[in-house]
Q: 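If you scroll down you'll find the structure; I have some questions about it.
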There are 2 protein chains.
Amino acid sequence: MAQFNSIEEILEKYIPKEELQKVHRGLYGFDIQDPSHYLKFDPKVKDLADKLKLEVKSFRFPALAEELRKPRIVRIGAIQNSIVEPTDAPIRAQRDSLIKKISSYIAVAADCGVNVLCMQETWNMPFAFCTREKHPWTQFAESAEDGPTTQAMRQLAGRYNMVIVSPILERDESHGDTVWNTAVVISNTGKVIGKTRKNHIPRVGDFNESTYYMESELGHPVFDTQFGRIAVNICYGRHHPQNWLMYGLNGAEIVFNPSATVDSLSEAFWPIEARNAAIANNYYSVAINRVGTENFAHEFTSGDGRSAHHDFGHFYGSSYVTAPNGARSPGLSRVSDGLLVVEADLNLCRQVKDQWGFRMTQRLDLYAESLAKAVKPDFQPQIIAEK
Amino acid sequence: MAQFNSIEEILEKYIPKEELQKVHRGLYGFDIQDPSHYLKFDPKVKDLADKLKLEVKSFRFPALAEELRKPRIVRIGAIQNSIVEPTDAPIRAQRDSLIKKISSYIAVAADCGVNVLCMQETWNMPFAFCTREKHPWTQFAESAEDGPTTQAMRQLAGRYNMVIVSPILERDESHGDTVWNTAVVISNTGKVIGKTRKNHIPRVGDFNESTYYMESELGHPVFDTQFGRIAVNICYGRHHPQNWLMYGLNGAEIVFNPSATVDSLSEAFWPIEARNAAIANNYYSVAINRVGTENFAHEFTSGDGRSAHHDFGHFYGSSYVTAPNGARSPGLSRVSDGLLVVEADLNLCRQVKDQWGFRMTQRLDLYAESLAKAVKPDFQPQIIAEK
């Protein structure tokens, strides 16, 4: 099937306005046609975006006014992108062309008033892990604290007064040159606040990432920034509700999910998992996926009986944001680079917690005990058979 | 907004076939127009269903053929229904009219070859908990083992060789006449295999159920039946991913979610939560919701500033089944009684487990430890601030 831009576009093309309202309420929890849900940017944003061929979409989630807390309005940005140079170009050219392109997108994000921004998983390289080759790809790995990508992002963060979450392949020289799948969290002052790593590593078809790095030993850190408490659940971690839960229990108000995933595999899951996490934990979730098809010089296999191939498939973009009340924004395109800007009042997190009471009714003591039993070698599942 | 039948119907009415394929693949994980996804029933099914004004929908999920296990094909049934008598009719008349109506639907299910069937939450009574009145509603509570509803369902289960999950309001005379929100699991031999109770109780607006019953102390039992290992996650428990998780860890292949929920509150969550549970735990999930608007004699309030009212809102049906690979069936109507019959190969559960490896990569030891810490009074969330 030929690639298409988005489901939203098809719905809007064919369904009359009044009926579309019902469909949107069902699919997004909102009448997304209501103009109050969109932000107005300076005209220069459109000019610049058109020049860069960057899709820019906006959305706004309302919250209640409170008497004792001021609104805590932040603009959340998500960038999805394709690679620039072919995968057989010199490593430095591949990396630097991506840093250059994303830097131009971050300038647009700044013009849109973005306060806290995240890019897709290992955004400064092709998603080469499908090849299972160590050379040349591990050359993309760099220090989280002061590698060239972090240095470039620190400069932009300070310049634009913007918190930037930069997911990269990390080389940890202090711990035996190990490689990690890491997100660097950079303050709007330009300093690195800290880093977090991928907690769950896939062993699925072309996702041969366990060849490259192990599961994080850094826990579920939440970063206290000027624009809210944020956390990063990297890619395959979105399949694990307990992972999302722990970021919530540690106080996250926004959880980014930088990903790289292809249409043949996961597209049925994509609108579900990050959204379910926002519902269950009453925070904003931001699902970000890579775009495009990446070709590699050497063929590789998927362990699924298909012939060897040179590309992993189509990374379908479709990045979106869900609010703590389960309503979601429209998605970015399935095929092109994009910037999604969502205005959110962080006060909504606690408002929805109070409305639904999930934390209060969560019975974590029961689950702490049940899981402790379930991991024991002599665990006996609770099964009742007819007598 | 006037009530409408379903989003599916709107999509099919306006979107051309080729485009609809893309929308369906995005929304359901399948081209649901493919005729191989539907079951053919004896013509008498349609006649009977028309006479009863019962919507009957079918769906079929394919699985791989294995060499060492035969396919384990079961037909799963889900019934959603409105009440029959007004809520001020005698209690016995209300209950018996529902038993009569549902018995006629179960006869249709038998003609459709259903092996294992579930009704909505407290299906044999109006959802009167919004009133906060004890009298007369607790009169609907009955013994799970040999109350009149269980007796009627045991007879049908034996007659039709069908496992029946019957969610009722339970009166437990052995434990101080306590009231519980319970599902009785009846074998196809007509015997009660056991019961399970609601693990998480809402305190949300009109959902004042904590007035009536406490959280279950029966754990997360899975019932080993001739047609697969089944479990029941009652209503509000669907908001808690850990609840879904424990049914999976105890070996469930089908988890029913009998519910009662209204459009103003939860419709944005409905297509997400049960589906996410099927994805995360690789079992079939069956989400079943009540239908219609129920009027009560005495007015009640929601604790949300609105005026007192006599009805809770519209229960929007929309029952659906998700497969272990995240693909889902179309839903039943938002407005009318319905029977959904889904043919499933239980072997798909393990096939998807092997494909995705979620259990293997789940790190339950990490979460057992993290949750044990999180419930302690002196728990300190893992928060990293700029130095």
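Note on naming: letters A, B, ... go to the chains in the order of the sequence lines (proteins, then strands), and numbering restarts at 1 for each one.
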Q: Measuring heavy-atom distances to chain B, does Phe30(A) have an atom under 4.5 Å in its side chain, in its backbone, in both, or in neither?
A: neither
Q: Would you mind reporting whether Val23(A) and Phe4(B) have side-chain heavy atoms less than 4.5 Å apart?
A: no
Q: Among the options Gln362(A), Glu267(A), Gln226(A), Lys191(A), pick out the one with the most heavy-atom pairs lying under 4.5 Å from chain B.
A: Gln362(A)
Q: Between Tyr316(B), Phe223(B), Phe269(B), Trp244(B), who has the most heavy-atom pairs with chain A when the cutoff is under 4.5 Å?
A: Phe269(B)
Q: Please flag which part of Leu218(A) lies under 4.5 Å from any non-hydrogen atom of chain B: side chain, backbone, both or neither.
A: backbone
Q: Name each donor-acceptor pair under 3.5 Å that joins a side chain in residues 323-331 of chain A to protein atoms two or more places apart or in another chain, with its distance.
A:
{"unit_1": "Asn325(A)", "atom_1": "OD1", "unit_2": "Ala327(A)", "atom_2": "N", "d": "3.2"}
{"unit_1": "Ser329(A)", "atom_1": "OG", "unit_2": "Val321(A)", "atom_2": "N", "d": "3.1"}

Q: Is it the backbone or the side chain of Asp263(B) that comes under 4.5 Å from a heavy atom of chain A, or both, or neither?
A: neither
Q: Would you mind checking which part of Ile201(A) comes under 4.5 Å of any heavy atom in chain B, side chain (CB onward), backbone (N, CA, C, O), both or neither?
A: backbone
Q: Under a 4.5 Å cutoff for heavy-atom pairs, which residue among Val204(A), Val185(A), Val192(A) has the most contacts with chain B?
A: Val204(A)
Q: When heavy-atom pairs shorter than 4.5 Å are enumerated against chain A, which of Pro271(B), Ser370(B), Gly205(B), Ala372(B) gives the highest number?
A: Ser370(B)
Q: Could you tell me which of His220(B), Met246(B), Glu273(B) has the largest number of non-hydrogen atom pairs under 4.5 Å with chain A?
A: His220(B)
Q: Rounded to the nearest 0.5 Å, what's the gap from OH on Tyr367(B) to CG on Leu245(A)? Could you check?
A: 8.5 Å
Q: Just by distance, do the side chain of Arg363(A) and the backbone of Asn199(B) share a donor-acceptor pair under 3.5 Å?
A: yes
Q: Is chain A contacted by the side chain of Phe207(B), its backbone, both, or neither, given a heavy-atom distance below 4.5 Å?
A: neither
Q: Spell out the residues in residues 235-242 of chain B that have some non-hydrogen atom less than 4.5 Å away from a non-hydrogen atom of chain A, in order of number; otherwise answer 'none'.
A: Tyr236(B), His239(B), His240(B), Pro241(B), Gln242(B)
Q: Between chain A and each of Leu371(B), Ile10(B), Asn250(B), count heavy-atom pairs under 4.5 Å; write down the option with the most.
A: Asn250(B)
Q: Could you check if a side-chain atom of Ile15(A) sits within less than 4.5 angstrom of a side-chain atom of Leu11(B), using non-hydrogen atoms only?
A: yes
Q: Working to the nearest 0.5 angstrom, can you tell me the gap between Arg275(A) CZ and Arg275(B) CZ?
A: 11.0 Å
Q: Heavy-atom cut-off 4.5 Å, strictly under: side chain, backbone, both or neither for Val375(A) against chain B?
A: side chain
Q: Rounded to the nearest 0.5 Å, how far does CD of Glu215(B) lie from CG of Leu366(A)?
A: 10.0 Å
Q: As a quick check of understanding, evaluate side chain to side chain contact (heavy atoms under 4.5 Å, CB included) for Leu265(A) and Gln355(B), giving each step before the final call.
A: CA-CA 10 Å; Leu265(A) 192 64; Gln355(B) 182 195 3; 3.8 Å; yes
Q: Let's go through Thr225(B) and Glu386(A) carefully: what are the C-alpha distance in whole Å and the side-chain angles of both, what is the deciding distance for side chain to side chain contact (heavy atoms under 4.5 Å, CB included) to 0.1 Å, and is it a yes or a no?
A: CA-CA 7 Å; Thr225(B) 79; Glu386(A) 190 173 343; over 6 Å; no
Q: Among Thr361(B), Ile7(B), Asp224(B), who wins on heavy-atom pairs under 4.5 Å with chain A?
A: Thr361(B)
Q: Rounded to the nearest 0.5 Å, how far does CD1 of Ile279(B) lie from CG of Asn276(A)?
A: 8.5 Å
Q: Ignoring hydrogens, what is the shortest heavy-atom contact between Met360(A) and Arg203(B)? Give both atom names and the distance.
A: CE-CD, 3.7 Å
Q: Heavy-atom distance under 4.5 Å to chain B: side chain of Leu27(A), backbone, both or neither?
A: both
Q: Just give me the residue among Pro221(A), Ala385(A), Gly357(A) that pairs up with chain B most often, heavy atom to heavy atom, under 4.5 Å.
A: Pro221(A)
Q: May I ask you to name which of Tyr247(A), Trp270(A), Phe379(A), Trp356(A) has the most heavy-atom pairs under 4.5 Å with chain B?
A: Trp356(A)
Q: Of the listed residues (His200(A), Glu369(A), Gln380(A)), which shares the most heavy-atom pairs with chain B below a 4.5 Å separation?
A: His200(A)
Q: I need the residue from Ile383(B), Ile272(B), Ile193(B) with the largest number of non-hydrogen atom pairs under 4.5 Å to chain A.
A: Ile272(B)
Q: Determine the option with the most heavy-atom pairs under 4.5 angstrom with chain B, choosing from Asp365(A), Asp304(A), Asn281(A), Asn243(A).
A: Asn243(A)
